[in-house]
Amino acid sequence: MSSAKHGRRAAPKPPARLRTRSTRESAPHSARRDASATPAPVRTAPKPRTRSLRPAFSVIAMTFVGGMMIATSVPALAITATDPEPRASVYAPVEDSITLAPQTIEVASEAELEPMDSEGYAVEAAPPPIFSEVASVGSVSIVESDAIVWPVVSWEKRASGFGPRSAPCSGCSTFHDGVDFNPGNGTPVMSIADGVVVLATEDGGGLGVNVEVQHNIGGELITSSYAHMQYGSLQVSEGQRVSAGQQIGLVGTTGQSTGPHLHLEMFGADGARFDGFAWLTEHIG
Ligand SMILES: [Zn+2]
C-alpha cells in the first residue's frame, strides 16, 4: 500500500521536473545568452559545456534511479511508461526514455467465480431458545447453557440417593425424588447450569427455602430445584438469569429436613423427577 502511495505521489513532484526540463531546454539557450553576457541563473553560469554534461550525466543517473523506482514502486496503470506526455519523464526525459511494458495480470479466460457452497460451511446450529412462562414475570426465553457444574463443592459427600427409601421422618416420602448433598451447613449452593430462575421462595413448604431454575440443555427444558436452604440466604429472584456456578443460596435445613443438606431435584418438561446425581455425573464427566 505504501509503495502505491509513494509511486503516485512521486510522479508530479515539481522540483525534479523543473530540473529535467532545464537540462534539455536551457543548454542551447544559455549558450546563446552567455555570448550576449546576459546574467544567467546560478545553474546556467559560465561553462555551458561542462555544465550541460554534468546534468546530462545526472539525468542518466536519475533515469536509472527513476526507472528502478518506477519498476519497483509503481502499481500497474498508475503511470503508463509509454505515455507521450512527460508525466513519467520526471525521471526519464524523452530522449532517454525507458519503455516499460505495462504490467498486466494474466487470468485464464475459463476462470470463473464459483458460487460459494454455503452448506459446506454449515455449523451445527445452536438449539433455539426455549420460551417459558414464569408466574411472576411472564414469558422468558432460555438460551442453551454453555456449562454444567455440580451444585456444591464436596459434591461427593451425599447423604441420600435418588429412589425408594425408608422414610427418614414421619411425613417424609418413601420415594426420594431428589439427591441429598451433604457438604456442610452454610456451604454456597450454585446453579448447575445457565438458566432462568422461575421460583425463589422462603416458603416452599416441605422444601423450605427453595429455588427452581429452568435450563436449556441441548434444546431440552430441564429444571433444577434446590431445597432446604437457609432463611435469608437467597441471592436470586424470580425471572433472573443465572449462569452455571452462580451462587443462589446457602445450604440449610429449612422445611421438612432432618439436618443441613441440599436436596436437589431435577425434572424435564413432563415434571417427572429423575436421578440428578446420575445426570450430573454423565453431563459433567
Ligand atoms: Zn432430599
Asks: Shortest non-hydrogen contact from Glu265 to Gly178?
Replies: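 Taking Glu265 first and Gly178 second, the nearest heavy atoms are CG-CA, 4.0 Å.
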
Asks: Once you round to the nearest 0.5 Å, how far does NE2 of His263 lie from OH of Tyr226?
Replies: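 The NE2 atom of His263 sits 12.5 Å away from the OH atom of Tyr226.
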
Asks: For a side-chain contact (heavy atoms from CB on, under 4.5 Å) check, start with the C-alpha distance between Val209 and Gln230, then their side-chain angles and the critical distance, and finish with the verdict.
Replies: CA-CA 6 Å; Val209 176; Gln230 291 182 5; over 6 Å; no

Asks: Let me confirm one number: the CG-CZ distance from Asp180 to Arg158, rounded to the nearest 0.5 Å.
Replies: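 It is 10.0 Å, given to the nearest 0.5 Å.
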
Asks: Return the minimal non-hydrogen interatomic distance between Glu220 and Ile130, and the atom names on each side.
Replies: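 It is C-CD1, 3.6 Å.
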
Asks: Would you kindly confirm whether Leu264 and Ile148 end up in one hydrophobic cluster when ILVMFWY residues are joined by side chain heavy atoms under 4.5 Å apart?
Replies: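 Yes, same cluster.
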
Asks: For Asn216 and Pro127, which heavy atoms make the closest approach, and how far apart are they?
Replies: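 Looking at all heavy atoms of both residues, the closest pair is OD1-CG, 4.3 Å.
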
Asks: Let's go through Ile217 and Ser145 carefully: what are the C-alpha distance in whole Å and the side-chain angles of both, what is the deciding distance for side-chain contact (heavy atoms from CB on, under 4.5 Å) to 0.1 Å, and is it a yes or a no?
Replies: CA-CA 6 Å; Ile217 307 295; Ser145 180; 4.1 Å; yes

Asks: Quick one: are Arg273 and Ser225 in side-chain contact, heavy atoms under 4.5 Å?
Replies: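 The answer is no; the side chains never approach within 4.5 Å.
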
Asks: What's the separation between atom CD in Gln240 and atom CD1 in Ile248, rounded to the nearest 0.5 Å?
Replies: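 Reported value, rounded in 0.5 Å steps: 10.0 Å.
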
Asks: Hydrophobic clusters here meaning ILVMFWY residues chained together by side-chain heavy-atom distances under 4.5 Å, can you tell me if Ile142 and Met190 are in one?
Replies: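 They do not share one cluster, since no chain of ILVMFWY contacts under 4.5 Å joins Ile142 to Met190.
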
Asks: For side-chain contact (heavy atoms from CB on, under 4.5 Å), just list the numbers for Arg241 and Ser141, CA-CA rounded to whole Å, side-chain angles, deciding distance to a tenth of an Å, and then say yes or no.
Replies: CA-CA 10 Å; Arg241 293 182 188 280; Ser141 66; 3.4 Å; yes

Asks: Report the relative orientation of the aromatic rings in Trp155 and Phe277; use parallel for angles under 30°, tilted for 30 to 60°, perpendicular for over 60°.
Replies: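 The rings of Trp155 and Phe277 sit tilted, inter-plane angle from 30° to 60°.
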
Asks: Determine whether Ser233 and Gln247 make a side-chain contact, defined as any pair of heavy atoms from C-beta on separated by less than 4.5 Å.
Replies: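 A side-chain contact under 4.5 Å is absent here.
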
Asks: Do the side chains of Phe274 and Leu207 join up, straight or via other hydrophobic residues, at under 4.5 Å, putting them in one cluster?
Replies: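 The answer is no; the residues belong to distinct hydrophobic clusters.
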
Asks: If every non-hydrogen atom of Asn185 is compared with every non-hydrogen atom of Val251, which pair is closest and at what distance?
Replies: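 Heavy atoms only, the tightest pair is OD1-O, 3.0 Å.
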
Asks: Would you say Trp150 ends up clustered with Phe162 if hydrophobic residues are merged whenever their side chains have heavy atoms under 4.5 Å apart, either directly or through other cluster members?
Replies: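 Phe162 clusters together with Trp150.
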
Asks: For residues Ile222 and Met266, determine if any side-chain heavy atom of one lies less than 4.5 Å from a side-chain heavy atom of the other.
Replies: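 Contact flag for Ile222/Met266 side chains = yes.
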
Asks: What is the distance from atom CD of Glu156 to atom OG1 of Thr281, rounded to the nearest 0.5 Å?
Replies: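 Between Glu156 CD and Thr281 OG1, I get 11.0 Å after rounding to 0.5 Å.
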
Asks: Which atom pair, heavy atoms only, marks the closest approach of Ser237 to Ala200?
Replies: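 Here Ser237 and Ala200 meet closest at CA-CB, 4.1 Å.
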
Asks: Decide yes or no for Leu199 and Glu238: does some side-chain heavy atom of the first lie under 4.5 Å from some side-chain heavy atom of the second?
Replies: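 SC-SC contact between Leu199 and Glu238 confirmed.
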
Asks: Say you draw a straight line from CG of Leu262 to OG1 of Thr253; how long is it, rounded to the nearest 0.5 Å?
Replies: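 One gets 11.5 Å once the value is rounded to the nearest 0.5 Å.
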
Asks: May I have the step-by-step check of side-chain contact (heavy atoms from CB on, under 4.5 Å) for Asp177 and Phe267, ending in yes or no?
Replies: CA-CA 10 Å; Asp177 52 9; Phe267 48 96; over 6 Å; no

Asks: For Val213 versus Ser191, what's the shortest heavy-atom pair and its separation?
Replies: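 Nearest heavy atoms, Val213 then Ser191: CG1-OG, 4.0 Å.
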
Asks: Under a 4.5 Å side-chain heavy-atom rule over Ile, Leu, Val, Met, Phe, Trp and Tyr, are Ile284 and Val179 clustered together?
Replies: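 Yes, it is one cluster - the side chains of Ile284 and Val179 are joined through contacts under 4.5 Å.
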
Asks: Look only at the side chain of His176 and the backbone of Gly161, and say whether a donor-acceptor pair between them is shorter than 3.5 Å.
Replies: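 Here the side-chain-to-backbone pair exists.
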
Asks: Would you confirm whether Glu202, through its side chain, and Gly232, through its main-chain N or O, come within 3.5 Å as a donor-acceptor pair?
Replies: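 It does hold such a pair.
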
Asks: What residues form a side chain to side chain donor-acceptor pair (under 3.5 Å) with His228, not counting sequence neighbours?
Replies: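 Side chain to side chain donor-acceptor pair (under 3.5 Å) list for His228, sorted by chain: empty.
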
Asks: Does any non-hydrogen side-chain atom of Asp194 lie less than 4.5 Å from one of Ser243?
Replies: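 In contact.
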
Asks: Hey, what do you get for OG1 (Thr187) to CE (Met229), rounding to the nearest 0.5 Å?
Replies: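 It is 12.5 Å, given to the nearest 0.5 Å.
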
